[in-house]
Amino acid sequence: MAKIVLFCLLSLLACAAGQRITTIHLDGVQYFISRMNPYSPELNYFLAYQYCRSLGLQLASFETKEKAESMTTYLKNAGYGNYDFWTSGNRLGTGMFLWMSTGLPFNATFDFFENSADAIQAGLLDPVDHNSNTSPQRTARDSSSGAEKGCVILKQPTLKWMPEDCSAVKDFICEQTRCYYYNYGSIPVSSAQG
Ligand SMILES: *[C@@H]1O[C@H](CO)[C@@H](O)[C@H](O)[C@H]1NC(C)=O
């Protein structure tokens, strides 16, 4: 029993389904790309997140230009450029885009959004220069925090970033993330302790 569990952890098996999964290592990051796995379904954002978690992974975040570019280039070269892929990016709960799996806002030093209006809402472009007729600050605050166009895909064929309805059924990219920011000072306690 323990052997099976260990085997599952080591080889990143989808234990529930008993199927072997394939992950790739790209620039030091381990990714699971649903398209590479014939038994992996296309899913909505929430179920894609759950699927990644069931593999011990998270939906992928693209915090640096290099990471975003290497994934985009890989997907195109590997023949996956004609599919949309969920990332962990969303603006659920606020008008602001965040990478859900790292908690980081979108990186202001580069912008891979397909449309500049989305980049403005993500705070990546100066609204004055690019959208003088409207008031993006107000738009951002007032925008619905629902699932409509609330989650970010890599959109084929350019694989640039595009907000999409979170309920849309898409391929997805999971990654192994680590938290570098905190030391968890754990206090050993027992359940009998008050
Ligand atoms: C933002 O992107 C730049 C360029 O890729 C990178 O050097 C920097 O570390 C990124 N910042 C964060 C907070 O990830």
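Each ligand, and each atom within it, is numbered from 1 in the order the structure gives. Numbers for residues simply follow the sequence, beginning at 1.
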> Is there a side-chain contact between Asn90 and Val152 (heavy atoms, below 4.5 Å)?
Replying inline: no

> Between Ser116 and Leu125, which heavy-atom pair has the shortest distance, and what is it?
Replying inline: CB-CD1, 3.7 Å

>> Set out, in order, the CA-CA distance, both residues' side-chain angles and the distance that settles ring pair (Phe, Tyr, Trp, His ring centres under 6.0 Å) for Phe97 and Phe113, then state yes or no.
In response: CA-CA 11 Å; Phe97 283 101; Phe113 275 106; 5.1 Å; yes

> Hey, which residues fall under 4.0 Å of ligand 1 on heavy atoms?
Replying inline: Glu63, Thr64, Lys65, Glu66, Asn107, Thr109, Phe110

>> Check for me whether the distance between the ring centres of Trp99 and Trp161 falls short of 6.0 Å.
In response: yes

> Picking from Tyr83, Tyr45, Tyr51, Phe85, what satisfies side-chain contact (heavy atoms from CB on, under 4.5 Å) with Phe172?
Replying inline: Tyr51

> For Asp84, which residues count as a salt bridge (Lys or Arg N to Asp or Glu O under 4.0 Å) partner, sequence neighbours excluded?
Replying inline: Lys155, Lys170

